[in-house]
Amino acid sequence: MIRSLLIAGLLASGAAACTTAKPYGPASSPSAQGYLVQPIESNRFRVSYTALSSDDARRYALRRAAEVTFENGGQWFRVVRSTTDTEHSGGGGSSVSVGGSSGSYGSGVGVGVGIGFPVGGGSEKTTESLEIVIGTGDKPDEPDVYDASSVLANITG
């Protein structure tokens, strides 16, 4: 019995450890880690970044916004809308199982009721979405306006 619990605990912690941070880059799907860019108008874009932490999601969304600014001939960008979505998955819960077996020593049917313990704590993904407007010339001195070259220098090192 103790051996079975130990094995179940190791499997649960191994499954929780499978969620690892992906290096900065594009997302392979809308729900995957990485960035997505959606043009809205010629100088307006929705930039989002999904990461395992809210700090990484915000930092990388700003980085991608600065890159999009340069790619489109801009020098600065204004964040006109910002949203943060956090998704939790995994963890504990209850379950009911029915199983059966047969073999050379006979056959049997069993019913089990269990509770799952969040050994690894589950996982969390955060998506930071920024709607930006790109500008050129003198950067307005406002808190929601970012100089693209400064953002890249500070975030990428």
Side-chain angles (χ1 to χ4, degrees), residues 4-97 112-157:
S4 297
L5 288 174
L6 181 61
I7 290 171
L10 291 173
L11 289 174
S13 64
C18 288
T19 305
T20 58
K22 178 185 170 203
Y24 177 81
S28 58
S29 71
S31 63
Q33 292 181 59
Y35 61 76
L36 295 171
V37 177
Q38 177 186 12
I40 299 171
E41 295 177 335
S42 62
N43 69 334
R44 184 182 292 255
F45 297 83
R46 182 169 295 113
V47 177
S48 62
Y49 200 95
T50 301
L52 297 183
S53 76
S54 58
D55 288 341
D56 285 346
R58 177 71 178 177
R59 184 172 64 249
Y60 290 149
L62 286 170
R63 175 181 173 176
R64 186 61 188 145
E67 293 169 346
V68 168
T69 299
F70 281 133
E71 290 168 3
N72 289 276
Q75 297 168 313
W76 53 266
F77 62 94
R78 177 188 312 269
V79 176
V80 294
R81 184 173 301 134
S82 175
T83 60
T84 304
D85 294 316
T86 302
E87 176 186 315
H88 301 278
S89 63
S94 59
S95 64
V96 176
S97 302
V113 176
I115 274 193
F117 296 98
V119 176
S123 65
E124 180 176 295
K125 282 194 310 189
T126 300
T127 300
E128 183 76 26
S129 296
L130 306 175
E131 185 175 325
I132 64 167
V133 174
I134 294 172
T136 58
D138 292 337
K139 177 182 99 52
D141 189 21
E142 298 172 21
D144 58 349
V145 179
Y146 297 82
D147 178 77
S149 61
S150 293
V151 168
L152 288 177
N154 289 319
I155 290 179
T156 59

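Across Asp56 and Ala51, no two heavy atoms sit closer than the pair CB-CB, 3.7 Å. Heavy-atom minimum distance, Ser82 versus Leu130: OG-CD2, 3.6 Å. Across Leu52 and Lys125, no two heavy atoms sit closer than the pair CD2-CG, 4.0 Å. Here the shortest heavy-atom pairing between Leu152 and Glu67 reads CD2-CG, 3.9 Å. For the pair Ala148 and Ala66, the tightest heavy-atom approach, listed with the atom from each and the gap, is O-CB, 3.6 Å. For Thr127 against Ser48, the heavy-atom pair with the smallest separation is CG2-CB, 4.1 Å.
Rounded to the nearest 0.5 Å, atoms OG1 (Thr156) and OH (Tyr60) are 10.5 Å apart. Atom CZ of residue Phe45 and atom CZ of residue Arg64 lie 9.5 Å apart, to the nearest 0.5 angstrom. Between atom CD of residue Gln33 and atom OH of residue Tyr24 there is a gap of 14.0 Å, rounded to the nearest 0.5 Å. Distance check: Arg81 CZ to Ile132 CD1 gives 13.5 Å after rounding to the nearest 0.5 Å. Summarising the geometry, atom CG belonging to Asn154 is positioned 12.0 Å from atom OH belonging to Tyr146; distances are rounded to the nearest 0.5 Å. Here CD of Glu131 is found 5.0 Å from CZ of Arg46. Values are rounded to the nearest 0.5 Å.
You'll find the side chain of Leu36 stays beyond 4.5 Å of the side chain of Gln38, heavy atoms only.
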Tell me, with the steps shown, if Val80 and Asp144 meet side-chain contact (heavy atoms from CB on, under 4.5 Å).
CA-CA 8 Å; Val80 294; Asp144 58 349; 5.9 Å; no
Evaluation steps, side-chain contact (heavy atoms from CB on, under 4.5 Å), between Asn72 and Asn43:
CA-CA 8 Å; Asn72 289 276; Asn43 69 334; over 6 Å; no
Any chance you could lay out the side-chain contact (heavy atoms from CB on, under 4.5 Å) test for Phe77 and Val68, step after step, and finish with the verdict?
CA-CA 9 Å; Phe77 62 94; Val68 168; over 6 Å; no
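Ser54 and Glu128 are not linked by any side-chain donor-acceptor pair at a separation below 3.5 angstrom, with hydrogens and angles left out of the test.
The closest donor-acceptor contact from the side chain of Trp76 to the backbone of Thr136 lies under 3.5 Å. Side-chain atoms of Lys22 never come within 3.5 Å of backbone atoms of Thr50 as a donor-acceptor pair (strictly under, hydrogens ignored).
Cation-pi contact between Arg63 and Tyr49: absent, since separation from the ring centre below 6.0 Å together with deviation from the ring axis within 45° is not met.
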